[in-house]
2 protein chains.
Amino acid sequence: MSAPPALHEVLAAVLGIRDGRLRVLLWQRALDPDAGRWALPGGTLGPEEDVESSVRRQLAEKVDVREVAHVEQLSVFSDPARSPGKRRIATAFLGLVPSDADPALPEDTAWHEVDDLPPTAFDHAAIVGSARDRLRAKLSYTNLGFALAPAEFTISALRELYVAALGHAVSATNLQRVLTRRDLLVPTGETAAPGRAGGRPAALFRFTDRSLRVTDAFAVLRPPARPGGPRDGVLP
Amino acid sequence: MSAPPALHEVLAAVLGIRDGRLRVLLWQRALDPDAGRWALPGGTLGPEEDVESSVRRQLAEKVDVREVAHVEQLSVFSDPARSPGKRRIATAFLGLVPSDADPALPEDTAWHEVDDLPPTAFDHAAIVGSARDRLRAKLSYTNLGFALAPAEFTISALRELYVAALGHAVSATNLQRVLTRRDLLVPTGETAAPGRAGGRPAALFRFTDRSLRVTDAFAVLRPPARPGGPRDGVLP
């Protein structure tokens, strides 16, 4: 069973918290197929690039990629019926933008609520769902919150980001306790300017690391420490 | 920058513990390119199939797929120079076979030690390394040991599997403690037949689940329990 050559494309589901909601960056297609529908940034893999360099190149056409705090491969979408015409196989990526980054967007591009998408092109709604599920899963066993949060934040502000990303209530007290106990968060020693309601100024925190690690890998399964070796819990 | 169509292939790094070592299933290429070198099972994506059905079809030519306890996508390997001739883009998978499964293998196929590979074809050694790293990472925050272990085992036998997979020493006492505390392991109530050395018969255990879940997702980040909803910690 030999296959006719297929086009390979890369697609990026870039998520971030905007106005208290988890949103995804989509652009509105001007041309058929699926004219008027909203699509993920991306396009065909170039002859000289691999999928990682391709997704960064293509994202740069829609958003300032310096604002993207984390990018990882999601998975391959390869249903033969996923788009009309010549077969296209897509490598999908998850990208995350901190809530205080405000990248300039082209006219055709906007942030849309992940749980209330406009009409989407092809299988892009399924890719957005896969990105949302990956984010939610990793928030629960890694430090991935760093990629949604500003450099410094109050616990109350961080709680709002987790609530928006997870889609359910989270207690600020419990969030602070579990993230601190696992050495994800450290206090900066500073406090935020008091809000309009006055009251005690709130302590500011930052994430200990701003690259991905598993936050509670079983200690007994860690390799013996080696000078200069990879740190415990750093994802391969 | 428009790309000429490329071939899409799927490749499977099937790992298992054999004779106390972490090994991978490889077949020896009879024809050029890279004749005589050892390669991962796989091949070109068929016109009617997606990558998941393709990898299962192609694996079935090398090994009884009923013996494969877990399969997941690793990532896309897409360096333009990864193979000679027409461009090939590969979706690589990790597969795991329990230590007591003994699938019949074709003549050209054998288990090779992951940390002592024979000469390999193309970029397949890098794919094996990626599979080994994924396995090691997931053993430390999921129940993935179920896919390496027989249905029932003593703690001593399980420790040997973890040592082989992780490549470093693991204490049986600590392993039992952490896996039990996280509800990964349950005693079967039976004991193993005593070894030649005699001594007290050892208790038998099994994994609570034989599908993948994160074993210690932050409890505070779990959604409220819903009747009939997905269970806590189940990977999306």
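Sequence lines set the chain letters: A, B, ... in the order given, protein chains first and strands last, and positions in each chain run from 1.
- Q73(B) places a side-chain N or O within donor-acceptor distance of the main-chain N or O of V76(A), the cut-off being under 3.5 Å.
- Shown here is R29(B), whose CZ atom has more than 12 heavy atoms of other residues, nucleotides or ligands within 6.0 Å.
- Around atom CZ of R82(A), more than 12 heavy atoms belonging to other residues, nucleotides or ligands sit under 6.0 Å away.
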Subject >> Stepwise side-chain contact (heavy atoms from CB on, under 4.5 Å) check, E52(B) with D79(A) >> reply: CA-CA 10 Å; E52(B) 285 77 16; D79(A) 185 331; over 6 Å; no

Original post:
Between L45(A) and R87(B), does a side-chain contact (heavy atoms from CB on, under 4.5 Å) hold up when you go through it step by step?
Top reply: CA-CA 12 Å; L45(A) 183 68; R87(B) 185 170 189 183; 3.4 Å; yes

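- Note that OG1 of T91(A) and CD1 of I89(B) are 7.5 Å apart. Values are rounded to the nearest 0.5 Å.
- Environment of CZ in R21(B): sparse, with no more than 12 heavy atoms of neighbouring residues, nucleotides or ligands closer than 6.0 Å.
- Pairing each heavy atom of D50(B) with each of S78(A), the nearest pair is CB-OG, 3.3 Å.
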